[in-house]
Amino acid sequence: MAESKTNPRPLPEPSRTTQPFWDGARDGKLLLQYDKGAGKYQFWPRPTSIHSANGTLEWRPASGRGTLFAKTIVHVPARGFEDLVPYTLAAVDLEEGVRVVGRLVGIAPEDAKHGMKLRVCWDRLSDEINYFAFEADD
Amino acid sequence: MADNFLQDRDIAVIAYSELKIQRRSGATPGEFAAELMEQLFEKTGLAPRDIDGVAVNFPTAEAGNTFYTNMLVDALGLQPRWLQLTDIGGCAPLGNLARAAAALKTGMCDIVMCIATDVSGTTHRRLGGFRAEFMDAAGFQGPPIAFGILSDAYDRKYGLKLEALGALAVAQRNGALVNENAVETFRKPITVEDYMASRMIADPIRLLDCVMRCDGGSGLIVTTTERATAMGVKKMVHPIAYSEITNFDPENSTPDPTETGFSVVGPEVLAKAAMSPADLDMFHPYDDFLIAVMLQLEQIGFCGRGEGCDYLLSTDISPGGDLPINTGGGQISAGQPGLAGGGVNLTEALRQLFGEADGRQVAGAKNALVTGIGVIPYFRNWGSSTAMILEAS
């Protein structure tokens with residue numbers, strides 16, 4: 001069998017908007033943008049609120065808990081994920097009312113069920129960057 | 001609802017052209033544009049100085065080139081008074097025809113050349129922004145993975161019968177067999193067993209669920225019906241209704257990914273033309289994935305939500321069937337020339353309406369619904385959805 005090429009796992013490059021997210025991640029905290037006036041969270045971090053005009057956005061810690069909405073078992077990996085294949089990606093509905101897509105950790109593909117309880121965990125990619133993933137929340 | 005600016009049939013496509021789709025040509029988008037332009041001039045007798053409007057797609061191969069259209073028209077010897085670059089992914093070719101129609105109606109230009117080219121089989125560029133941070137870096141890279149999760153969401157909601165998608169894959173291959181512009185790799189038949197056995201990419205998305213990234217392009221000349229008639233053109237095709245939407249349902253952070261912009265533009269384009277799905281002679285949907293065709297069938301109204309699988313299993317979609325779909329094989333079987341892919345579906349519709357679809361002509365075809373899909377966002381249906389009804393004169 002031909003040796004499969006392994007690439008380094010890509011690191012996110014924080015922008016001015018997303019730097020607070022990655023600062024929180026480095027400390028093991030999942031932070032989400034919250035529009036105070038609209039009373040709603042949003043993800044992915046954007047330069048403005050999608051819920052209101054000129055809405056005031058602030059960063060709030062999220063519980064990290066959610067449920068599995070949909071999933072796929074990836075056999076042809078994203079670049080940098082070659083040694084993790086097959087891996088399960090899940091669209092997770094967080095308690096705060098936003099959906100986040102992340103890798104499932106410690107859950108066999110056949111055990112990933114719709115509606116199962118999940119909580120955020122972290123893949124340490126570097127000294128500066130932790131990347132979110134999800135594990136079973138028993 | 002807005003008026004239908006196309007209802008008077010006063011805009012006319014007078015010629016189309018298409019390159020044979022190749023896996024890896026080594027060409028540039030501009031080189032392909034030159035070939036297409038030469039074909040269009042040969043068909044119409046027009047010359048560069050006659051073209052005063054130009055609309056092009058934004059090829060992946062030109063990503064980062066902020067001066068692409070200027071460089072292109074300079075390379076082609078054109079002097080447009082209206083110049084349009086459209087970056088709504090696969091929606092660009094159809095979107096450009098609509099934008100050209102609007103420009104023609106204002107008098108900004110009189111004869112427009114629309115060109116869509118890309119060489120994704122030869123050149124591929126990585127994208128930044130939220131794509132890189134929250135998709136690529138999460139292992140959530142690329143359309144097949146996104147459609148894997150979308151397919152699972154559909155399966156959870158309605159149940160997904162893979163044999164229905166397999167049947168669609170088999171039927172679309174038949175189109176490629178008689179389409180000389182289809183990429184050679186796919187010009188052989190397959191069976192449902194072949195479909196089920198094809199390489200799994202992101203469960204349930206298999207290799208044969210997806211388009212293959214290729215090189216190619218297509219183009220057309222569009223003008224006013226008045227100008228076309230004065231030129232002595234005998235055969236023309238009119239866009240008669242168009243609808244477009246981008247970032248459908250913008251405030252929803254937990255959208256149902258199976259509800260797309262077609263839930264808006266599908267019914268709307270039919271209403272603008274005062275038509276129902278039964279009035280359509282053909283359907284040429286953007287088909288980057290088999291399941292995308294099925295979702296469009298449901299949301300445009302050929303069948304109800306959750307009925308797409310049964311619809312595909314019970315409907316003859318061949319040129320002589322109940323509803324001919326992508327008679328040239330669609331992008332699924334002809335290949336996807338990158339961000340010019342929408343031109344594959346559009347050009348086949350034009351070819352049919354001009355009566356030039358050798359080996360697969362839909363008898364008496366007078367109209368067609370063509371669609372576009374563009375851009376994979378962060379797990380919310382898809383970015384842009386377009387729909388246009390075309391009618392032969």
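Convention: sequence-line order gives letters A, B, ...; per-chain numbering from 1.
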In terms of heavy-atom contacts, does [atom1] of [X] have more than 12 from other residues, nucleotides or ligands at under 6.0 Å?
| X | atom1 | result |
| --- | --- | --- |
| A/Arg119 | CZ | yes |
| A/Glu13 | CD | no |
| B/Arg213 | CZ | no |

> Tell me, side chain or backbone of B/Pro255 under 4.5 Å from chain A's heavy atoms, or both, or neither?
Replying inline: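 Its backbone and side chain both get close to chain A.
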Looking only at heavy atoms, what is the nearest atom pair of [X] and [Y], with distance?
| X | Y | answer |
| --- | --- | --- |
| B/Ser253 | A/Gln42 | OG-CA, 4.1 Å |
| A/Val76 | B/Met200 | CG2-O, 3.9 Å |
| A/Pro12 | B/Glu133 | CB-CG, 3.8 Å |
| A/Ala70 | B/Ile149 | CB-CG2, 3.6 Å |
| B/Glu251 | A/His51 | O-CE1, 3.1 Å |

> Which of these, B/Ile145, B/Ile205, B/Asp152, sits in a side chain to side chain contact (heavy atoms under 4.5 Å, CB included) with A/Thr72?
Replying inline: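 The side chain to side chain contact (heavy atoms under 4.5 Å, CB included) with A/Thr72 is passed solely by B/Ile145 among B/Ile145, B/Ile205, B/Asp152.
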> Between A/Asp123, A/Ile73, A/Thr17, which has the largest tally of heavy atom pairs under 4.5 Å with chain B?
Replying inline: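 Max contact count across the listed options: A/Ile73.
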> Do the non-hydrogen side-chain atoms of A/Pro45 and B/Phe130 ever get within less than 4.5 Å of each other?
Replying inline: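 Answer no - side chains too far apart.
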> Taking the side chain as C-beta and beyond, is there a heavy-atom pair between A/Lys71 and B/Asp203 under 4.5 Å?
Replying inline: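 Answer no - side chains too far apart.
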> Most heavy-atom pairs under 4.5 angstrom with chain A, which of B/Gly148, B/Gly139, B/Ala202?
Replying inline: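 Option with the greatest count: B/Gly139.
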> When only pairs under 4.5 Å are counted, which of B/Phe147, B/Phe140, B/Tyr378 shares the most heavy-atom pairs with chain A?
Replying inline: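 Most heavy-atom pairs under 4.5 Å with chain A: B/Tyr378.
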> For A/Phe81, is it the side chain, the backbone, both or neither that has a heavy atom under 4.5 Å from a heavy atom of chain B?
Replying inline: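 The side chain, not the backbone.
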> Checking A/Val100 against chain B: side chain, backbone, both or neither under 4.5 Å from a heavy atom?
Replying inline: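 A/Val100 touches chain B through backbone and side-chain heavy atoms alike.
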>> Rounded to the nearest 0.5 Å, what separates atom CZ in B/Arg206 from atom NE2 in A/His75?
In response: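 These two atoms lie 9.0 Å from each other.
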> How far does CG of B/Asn252 sit from CZ of A/Arg99, to the nearest 0.5 angstrom?
Replying inline: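 One finds 7.5 Å between CG of B/Asn252 and CZ of A/Arg99.
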>> Please output the residues of residues 127-138 of chain A in contact with chain B, using a heavy-atom cutoff of under 4.5 Å, in numerical order.
In response: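 Interface residues of residues 127-138 of chain A: A/Tyr131, A/Phe132.
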> Parallel, tilted or perpendicular: which fits the ring planes of B/Phe134 and A/Trp22, with parallel below 30° and perpendicular above 60°?
Replying inline: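 Answer is parallel, since the angle falls under 30°.
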